[in-house]
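Naming convention: chains lettered A, B, ... in sequence-line order (proteins, then strands); numbering from 1 in each chain.
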Amino acid sequence: MSLLERFKKGLARSREGFSRRLDHLFHRGEIDEEFYLELEEVLIAGDVGVETGLKLVDQLKEEVGRARLKERAAARELLVQLIAARLSAPEAAPLPEERPRVILLVGVNGSGKTTTAAKLAHRYRQEGEKVMLVAGDTFRAAAIEQLEIWASRAGVDLVKQQAGSDPSAVFFDALHAALARKTDVVIGDTAGRLHTKVNLMEELKKIHRVIGRIVPGAPHQVLLVLDATTGHNGLAQAARFHEAVTVDGVVLTKLDGTARGGIVVAVREALDLPVRYVGIGEKMEDLEPFQPEEFTRALLE
Amino acid sequence: MFANLAEKLQETLRRLRGKGKLNEKDVETALREIRLALLEADVNFKVVKEFVAQIRERAVGQEVLKSLTPGQQVVKIVHEELTRLMGREQSRLESASSPPSVLMLAGLQGSGKTTTAVKLALHLRRGGRRPLLVAADIYRPGAIKQLEVLCRSVDLPFYSNEKARPVQICQEAVKQAGREGCDYVILDTAGRLHLDEAMMAELREIKAQLKPVELLLVVDAMTGQDAVNAATAFHRELGLTGIILTKLDGDTRGGAALSVRAVTGCPIKFVGVGEKVDALEPFHPERMASRILGMGDVLSLIEKAEAAIDQEKARELERKLRRQEFTLEDFRDQLQQLRSMGSLEEILAMLPGAAGIPKEVKQLSLSEEQFKRVEAIINSMTVAERRDPSIINGSRRRRIARGSGTTVQDVNKLLSQFAQMQRMFKQMGSMGKKGQLKKLKKGKRGFPFF
């Protein structure tokens with residue numbers, strides 16, 4: 001199965017309800033006010049957010065007027081273009097040549113950081129890199145054991161300490177080890193934290209500082225792990241994590257369910273954070289690079 | 001965008017002040033705001049649609065009380081309807097006629113089942129019960145270990161068996177419960193997508209074999225529109241008896257609560273409000289309604305205030321304020337009345353915006369301390385000093401500080417705050433009657449005690 005096919009399969013189910021409604025909407029008759037109202041609802045139902053949804057509809061109205069479109073089908077194509085344009089991102093800045101390259105995963109509880117860390121490790125391992133996982137979640141019970149199992153499945157190094165130890169200290173040790181072992185890619189898991197908890201966000205900043213002190217310029221990529229079922233709160237999450245540790249991109253997880261993950265459109269709009277990967281299953285291989293064009297078409301077609 | 005629906009509506013409907021009735025067009029304007037506010041709170045769009053239709057019916061032609069603005073009246077209707085929809089009463093856990101009572105938890109990955117299982121067990125144990133926790137998630141790496149570690153940390157009995165099938169694990173657990181004299185068995189099942197047919201079949205089998213008295217769906221409060229899909233599927237496949245809402249300690253408005261309640265009809269039994277194992281609270285429909293509307297828990301705050309404040313005293317206070325005879329004794333009385341409404345932390349948590357502002361929350365917990373200190377300082381004064389603080393000189397300050405176990409600085413701080421307060425009341429008195437209370441509230445930043 002090609003990457004594209006698997007990605008589409010993952011999206012197929014989320015597409016069902018949404019696009020059936022859209023098809024129904026778009027293929028029938030002329031463009032009128034009711035059409036726009038329904039459209040607004042469809043976008044909101046996909047979790048793109050009220051503000052972004054209304055904005056998209058307004059922009060569509062404008063462009064439909066400018067292009068003097070009459071048919072709903074034509075307006076539909078225009079909407080695809082609008083959303084795709086919003087989601088498309090410049091190629092991810094290539095990770096630097098010097099080693100180790102450090103990737104840090106952050107996010108709220110239960111978003112899927114540990115699983116994503118494992119999937120990323122597997123990915124880089126497949127590319128022939130020497131990978132190290134860092135068990136930075138020292139808070140959640142058995143999070144270390146969970147990552148340990150993944151590390152052995154993926155065949156990568158794991159650096160850990162005892163549960164309850166200072167996560168910054170774990171990263172301190174891990175990065176020194178990575179330098180000594182000439183590791184190519186270090187992938188750091190962190191404890192889930194609600195973005196509203198000041199002390200936990202401070203802890204995260206400290207982790208970030210410690211990493212940078214040992215490997216200048218690191219972490220090279222901070223990825224926010226966002227659950228596709230998240231509603232408007234995803235925007236607040238992104239904003240607060242970005243504020244704390246300067247996020248480079250989003251990993252959208254659990255896209256294999258019925259959730260559409262539309263909040264990433266709002267996140268992109270408000271904070272200019274691109275989606276880098278999507279999680280579409282529970283196996284190590286179930287992580288794909290985000291493809292704006294595919295994502296949008298799958299969402300709307 | 002809609003930090004506070006109440007304010008937004010008041011703004012929209014300000015021009016209606018003085019009208020006896022809201023006409024249909026006014027209502028439509030208000031309904032649009034309500035609709036957007038609910039959508040922003042992540043209430044499912046279909047649920048919003050039905051809900052707004054109900055509001056429309058009630059709001060058109062509704063008499064508007066003279067003392068309220070139309071905006072407030074509409075908010076009140078919305079709030080009442082929301083509360084009603086979420087179930088007026090708190091719902092308790094069922095128990096089986098012959099022990100052990102089996103409680104089964106289900107939900108999507110990452111919704112917080114395992115943490116909730118432990119919280120629920122501790123809740124039962126506080127009530128004198130003896131719960132056994134069962135890890136039936138043999139799929140996710142580390143899942144069994146996670147529950148085991150948590151159980152050990154709080155000394156709760158735990159059962160699992162990595163080599164058995166989930167149904168067997170649960171059956172063995174019930175036998176174990178019998179041997180150990182446990183009267184509750186809590187099943188922590190595997191988190192899986194509701195689309196996963198095999199997983200649903202497994203849950204159905206566990207349900208059929210174990211006959212749980214409660215089948216609780218664990219839902220992340222931050223969930224968006226998809227909450228209805230998951231809840232509908234779980235309910236259809238399994239027949240839920242209740243909902244537990246998790247991660248409500250963040251700044252999510254939690255519209256998912258309304259969505260899942262609306263599509264399943266099941267009561268929300270508990271809410272998870274923190275990472276600590278005791279952070280599980282009974283669900284309060286009213287509070288949730290206020291939260292969804294982004295207006296804090298103002299209404300129940302007002303109710304509490306009405307219940308706690310002696311009307312006679314309140315009138316007397318007003319008289320004193322107007323004549324600028326407000327003394328430290330009155331101030332202490334006020335503090336005591338305020339405290340009889342509950343802890344200050346609790347009260348302030350009900351105010352709009354408090355939930356989302358961790359820094360302020362931190363200050364709140366300080367305030368409780370300050371509260372006690374202020375009371376101690378006033379109690380250490382003589383009657384004469386309380387009535388006329390201007391006589392409090394240096395040596396009196398030292399005496400008061402010693403008597404209250406505080407420092408002279410604390411005494412000074414209180415006196416200067418009190419003086420400030422008196423100045424404010426003076427201004428209020430000269431400004432006249434109605435509408436000033438609002439300004440007083442807005443000025444609360446400088447007056448931690450009010």
Colleague: Verify whether one side chain among A:T229 and B:D226 offers a donor that lies under 3.5 Å from an acceptor in the other.
Modeller: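 No, no side-chain donor-acceptor pair sits under 3.5 Å.
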Colleague: Non-hydrogen atoms of chain B under 4.5 Å away: do they reach the side chain of A:L235, the backbone, both or neither?
Modeller: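 Neither; nothing under 4.5 Å.
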Colleague: Go through B:T252, B:D42, B:V149, B:N44 and name the one with the most non-hydrogen pairs under 4.5 angstrom from chain A.
Modeller: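 Looking at each option in turn, the highest pair count goes to B:D42.
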Colleague: Check step by step if side-chain contact (heavy atoms from CB on, under 4.5 Å) holds for A:T230 and B:T223.
Modeller: CA-CA 4 Å; A:T230 312; B:T223 312; over 6 Å; no
Colleague: Any carboxylate oxygen within less than 4.0 angstrom of a Lys/Arg side-chain nitrogen, looking at B:R140 and A:E145?
Modeller: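 No, B:R140 and A:E145 are not salt-bridged.
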Colleague: Identify the heavy atoms of B:L39 and A:H232 that sit nearest to each other, and give their distance.
Modeller: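 Taking every non-hydrogen atom into account, O-CE1, 3.2 Å.
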Colleague: Of the non-hydrogen atoms in A:T258 and B:N229, which two are nearest, and what is the gap between them?
Modeller: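 Closest heavy-atom pair between A:T258 and B:N229: OG1-CB, 3.5 Å.
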Colleague: Once you round to the nearest 0.5 Å, how far does CD1 of A:I44 lie from CD of B:E40?
Modeller: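 Here the rounded value is 8.5 Å.
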Colleague: Per the side chain to side chain contact (heavy atoms under 4.5 Å, CB included) rule, which among A:T114, A:I149, A:L147, A:T115 passes with B:P141?
Modeller: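 Of the listed options, the one satisfying the test is A:I149.
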Colleague: Check the pair A:E282, B:R192 against salt bridge (Lys or Arg N to Asp or Glu O under 4.0 Å), reporting the backbone distance first and the verdict last.
Modeller: CA-CA 10 Å; A:E282 294 182 318; B:R192 279 297 183 286; 3.4 Å; yes
Colleague: Could you measure the distance from the CG atom of A:D47 to the CZ atom of B:F45? Nearest 0.5 Å is fine.
Modeller: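 Reported to 0.5 Å precision, the distance equals 10.5 Å.
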Colleague: With a 4.5 angstrom heavy-atom cut-off, which part of A:E148 approaches chain B: side chain, backbone, both or neither?
Modeller: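 For A:E148, neither part sits under 4.5 Å from chain B.
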Colleague: Evaluate the salt bridge (Lys or Arg N to Asp or Glu O under 4.0 Å) criterion for residues B:K49 and A:E41: first the C-alpha distance (whole Å), next the side-chain angles of each, then the deciding distance (0.1 Å), finally the verdict.
Modeller: CA-CA 10 Å; B:K49 212 176 227 178; A:E41 200 164 73; 3.2 Å; yes
Colleague: Check whether any side-chain heavy atom of B:T115 lies under 4.5 Å from a side-chain heavy atom of A:R140, and answer yes or no.
Modeller: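 No, every pair of side-chain atoms sits at 4.5 Å or beyond.
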Colleague: How far does NZ of A:K254 sit from CD of B:Q109, to the nearest 0.5 angstrom?
Modeller: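 If I round to the nearest 0.5 Å, the distance is 6.0 Å.
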Colleague: Quick one: pull up CG in A:N109 and OG1 in B:T246 and give me the separation to the nearest 0.5 Å.
Modeller: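 Here the rounded value is 9.0 Å.
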Colleague: Can you see which heavy atom on B:M222 is nearest to which on A:L194, and at what distance?
Modeller: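 Shortest heavy-atom contact: CE-CD2, 3.9 Å.
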Colleague: Just checking, any donor-acceptor pair under 3.5 angstrom between side chains of B:D251 and A:N233?
Modeller: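 There is such a pair (donor and acceptor under 3.5 Å, judged by atom type) between the side chains of B:D251 and A:N233.
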Colleague: When rounded to the nearest 0.5 angstrom, what is the spacing between OG in B:S111 and CG in A:D227?
Modeller: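 Taking OG in B:S111 and CG in A:D227, the distance rounds to 9.5 Å.
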Colleague: Kindly check if the number of other-residue, nucleotide or ligand heavy atoms within 6.0 Å of CD (A:E33) is above 12?
Modeller: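 Enclosed.
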Colleague: Given that the side chain runs from C-beta out, which part of B:R152 has a heavy atom under 4.5 Å from chain A: side chain, backbone, both or neither?
Modeller: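 Neither; nothing under 4.5 Å.
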Colleague: Can you name the closest pair of heavy atoms from A:A142 and B:G142 and give their distance?
Modeller: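 Closest pair (atom of A:A142, atom of B:G142, distance): CB-O, 3.6 Å.
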